[in-house]
Amino acid sequence: VQLQASGGGLVQAGGSLRLSCAASGHTFSSGAMGWFRQAPGKEREFVAAISWYGGTTYNTGSVKGRFTISRDNAKNTVFLQMNSLKPEDTAVYYCAASSRYYATGVGDYNYWGQGTQVTVSS
């Protein structure tokens with residue numbers, strides 16, 4: 001499975017970005033897909049996940065209410081709409097695919113994309 005993330009960039013605080021992640025190869029069509037992020041010097045952090053049927057889970061402490069995850073199963077693509085961005089959202093964002101129906105931990109995911117940089121200026 002190959003995951004290709006895109007859509008990162010530089011944005012001012014309060015702005016928006018939409019990340020995309022396209023999966024190719026053998027896909028876990030019934031599995032969860034998720035987004036994680038990693039800031040310099042910090043551990044990789046769960047951001048959001050979505051099940052095959054569209055059930056969603058968010059890191060309630062940091063992104064709930066501002067970020068929305070969605071997926072297009074026909075296109076094997078997952079999205080992360082990020083609104084009201086803050087400087088503390090600056091990180092490399094990774095998409096991941098799991099064989100599990102529900103997955104929020106780094107260890108739950110089988111495949112990872114290369115990451116896309118998101119930088120939010122104050």
Side-chain angles (χ1 to χ4, degrees):
V1 176
Q2 292 81 43
L3 301 175
Q4 182 67 45
S6 61
L10 173 64
V11 64
Q12 290 187 333
S16 298
L17 284 173
R18 189 190 194 210
L19 306 184
S20 300
C21 177
S24 60
H26 175 75
T27 56
F28 296 104
S29 59
S30 62
M33 295 191 73
W35 287 97
F36 291 75
R37 67 186 182 185
Q38 189 166 18
K42 295 187 177 181
E43 293 187 352
R44 193 164 296 190
E45 174 187 42
F46 169 73
V47 175
I50 186 166
S51 69
W52 168 256
Y53 297 104
T56 58
T57 303
Y58 295 93
N59 183 328
T60 57
S62 59
V63 307
K64 189 170 175 64
R66 300 187 297 121
F67 291 10
T68 302
I69 188 171
S70 60
R71 65 189 290 171
D72 183 336
N73 291 330
K75 297 181 178 180
N76 289 322
T77 302
V78 64
F79 305 96
L80 185 68
Q81 177 67 43
M82 305 186 295
N83 298 328
S84 302
L85 283 162
K86 304 175 182 180
E88 51 264 43
D89 294 318
T90 296
V92 177
Y93 283 70
Y94 297 90
C95 63
S98 175
S99 58
R100 299 186 178 190
Y101 172 79
Y102 175 81
T104 61
V106 171
D108 294 335
Y109 285 83
N110 308 87
Y111 296 96
W112 294 83
Q114 85 287 2
T116 184
Q117 177 70 47
V118 171
T119 302
V120 184
S121 63
S122 58

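The structure displayed is predicted, hence computed values, not measured ones.
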Pairwise side-chain contact, Asn110 with Val1, heavy-atom cut-off 4.5 Å (strictly under): no
Parallel, tilted or perpendicular: rings of Tyr101 and Tyr53 (30°, 60°): tilted
Minimum heavy-atom distance between Leu17 and Val11, given as atom pair plus value: CD1-CG1, 4.0 Å
SG-OH distance between Cys95 and Tyr111, expressed to the nearest 0.5 angstrom: 14.0 Å
Evaluation steps, side-chain contact (heavy atoms from CB on, under 4.5 Å), between Val106 and Glu43: CA-CA 10 Å; Val106 171; Glu43 293 187 352; over 6 Å; no
Pair Gln4-Gln114, side-chain contact (heavy atoms from CB on, under 4.5 Å): steps then yes or no: CA-CA 7 Å; Gln4 182 67 45; Gln114 85 287 2; 3.1 Å; yes
Where Ala49 and Tyr109 come nearest, the two heavy atoms and their spacing: CB-OH, 3.4 Å
Nearest-0.5 Å distance that lies between atom OG1 in Thr104 and atom OH in Tyr58: 14.0 Å
Pairwise distance OG1(Thr56) to NZ(Lys64) - rounded to 0.5 angstrom: 6.5 Å
Geometric class of the Phe46/Phe36 ring pair [parallel <30°, tilted 30-60°, perpendicular >60°]: perpendicular
Residues that, via side-chain heavy atoms closer than 4.5 angstrom, fall in one hydrophobic cluster with Leu10: none
Non-hydrogen atoms of Val120 and Lys86 that approach each other most closely: CB-O, 3.3 Å
Inter-residue atom distance Ser98.OG - Asp108.CG, 0.5 Å rounding: 6.0 Å
Closest non-hydrogen atom pair between Glu45 and Ser62, with its separation: OE2-OG, 4.0 Å
Cluster check Tyr94, Leu3: I/L/V/M/F/W/Y, side chain < 4.5 angstrom: no
Shortest non-hydrogen contact between Asn83 and Ser16, atoms and distance: OD1-OG, 2.9 Å
Verdict with supporting geometry, Tyr102 and Thr57, side-chain contact (heavy atoms from CB on, under 4.5 Å): CA-CA 9 Å; Tyr102 175 81; Thr57 303; 3.2 Å; yes
CZ on Arg18 to OG1 on Thr68, rounded to 0.5 Å: 10.5 Å
Minimum side-chain heavy-atom gap Arg37-Val63 below 4.5 Å: yes
Separation of Ser122 OG from Gln12 CD (nearest 0.5 Å): 9.5 Å
Over all atoms of both residues, closest heavy-atom pair of Tyr93 and Leu19: CB-CD1, 3.6 Å
Flag, side chain of Asn73 to backbone of Trp52, donor-acceptor distance under 3.5 Å: yes
Heavy-atom side-chain proximity of Arg44 to Trp112 below 4.5 angstrom: yes
Phe79 and Asp72: CA distance, side-chain angles, deciding distance, side-chain contact (heavy atoms from CB on, under 4.5 Å) verdict: CA-CA 8 Å; Phe79 305 96; Asp72 183 336; 4.2 Å; yes
